[in-house]
Enquirer: 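Take this structure first; my questions come after.
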Amino acid sequence: LSNEMILRLHRLEHDHTQEDSGLDPVTGFRTQSILFQDLERELSSCARRNDFLCVALGRIDSYLELKEKLSAENMQKVIVEIAHIFKKTLRLYDDAYRLQDGKFFVVFKHTDKMGAISAVDRFVEFLEKDIYKDFLEDPFIATLDKGLSLSFVITEIEVQEDTELLLKN
């Protein structure tokens, strides 16, 4: 086999391994496939410690417009930049998940609703500074009707809540 073919096989093996690991290869975030399992484990842990747990569901507001107007490469740049901002604003022990269709799910451990709101506010502040600093002059961001923004729903979870029902809603 040629060196190029061997490198491609290694890359394919690496990508396959990452898919099965529950990690998103683009963002490094956890994936939806392990979300229920992780959330149930965290709820159990909170019940034992009588601790707080908050979650947030974030959605790129202009996702469909972005997907329609941007090349796959530029769309991936936007996702990577958003993930980078999440990484800057979340604590080391919080968990972030990349869901489908421009959605993100964040588990804020050991914090009440006000702490989660503060974390989301920090994210929005960094988004406004960093995205526009890096992308404002790029023509694909300029084509957006409303600019780039995310909307969030934040909730404090009661330990006895049904995980599947919570995530369906």
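Computed over heavy atoms, backbone and side chain alike; hydrogens, waters and symmetry mates excluded.
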Enquirer: Can you tell me how far the CD1 atom of Ile60 sits from the CG atom of Asp101, to the nearest 0.5 Å?
Expert: 10.0 Å
Enquirer: How many angstroms lie between CG in Asp112 and CD in Glu156, if you round to the nearest 0.5 Å?
Expert: 5.5 Å
Enquirer: Which residues pass the ring pair (Phe, Tyr, Trp, His ring centres under 6.0 Å) test with Phe152, sequence neighbours left out?
Expert: Phe123
Enquirer: Look up atom CZ in Phe108 and atom CG in Leu90, then write down how far apart they are to the nearest 0.5 Å.
Expert: 5.5 Å
Enquirer: Using a 3.5 Å distance criterion without hydrogens, assess whether the side chain of Arg49 forms a donor-acceptor pair with backbone atoms of His110.
Expert: no
Enquirer: Please name all residues satisfying salt bridge (charged side-chain N to carboxylate O under 4.0 Å, His left out) with Asp38, sequence neighbours left out, ordered by chain then number.
Expert: Arg30, Arg41
Enquirer: Would you say Phe52 ends up clustered with Leu57 if hydrophobic residues are merged whenever their side chains have heavy atoms under 4.5 Å apart, either directly or through other cluster members?
Expert: no
Enquirer: How long is the span from the CD atom in Glu42 to the CD1 atom in Ile157, to the nearest 0.5 Å?
Expert: 9.5 Å
Enquirer: Would you say Phe104 ends up clustered with Val153 if hydrophobic residues are merged whenever their side chains have heavy atoms under 4.5 Å apart, either directly or through other cluster members?
Expert: no
Enquirer: Can you tell me how far the NE2 atom of His84 sits from the CD1 atom of Ile79, to the nearest 0.5 Å?
Expert: 15.0 Å
Enquirer: Nearest heavy-atom pair of Ala56 and Ile154: which atoms, and what distance?
Expert: CB-CG1, 4.0 Å
Enquirer: Could you pull out every donor-acceptor pair under 3.5 Å between side chains of residues 113-122 and any protein atom, sequence neighbours left out?
Expert:
| residue | atom | partner | partner atom | Å |
| --- | --- | --- | --- | --- |
| Ser118 | OG | Met114 | O | 3.1 |
| Arg122 | NH2 | Thr89 | O | 3.3 |

Enquirer: For the backbone of Lys109 and the side chain of Asp94, can you confirm whether one donor and one acceptor N or O come within less than 3.5 Å of each other?
Expert: yes
Enquirer: Roughly how far apart are Glu81 CD and Phe126 CZ, rounded to 0.5 Å?
Expert: 11.5 Å
Enquirer: Report the residues that fulfil side chain to side chain donor-acceptor pair (under 3.5 Å) with Ser71, sequence neighbours left out, ordered by chain and then residue number.
Expert: none
Enquirer: Side-chain contact, heavy-atom cut-off 4.5 Å: Asp95 with Leu39?
Expert: no
Enquirer: Check salt bridge (charged side-chain N to carboxylate O under 4.0 Å, His left out) between Lys87 and all other residues, then give those that pass, not counting sequence neighbours.
Expert: none
Enquirer: Which residues pass the side chain to side chain donor-acceptor pair (under 3.5 Å) test with Thr27, sequence neighbours left out?
Expert: Asp24
Enquirer: Do any N or O atoms from the side chain of Thr31 and from the backbone of Gly22 form a donor-acceptor pair under 3.5 angstrom?
Expert: yes
Enquirer: Could you check if a side-chain atom of Val124 sits within less than 4.5 angstrom of a side-chain atom of Leu150, using non-hydrogen atoms only?
Expert: no
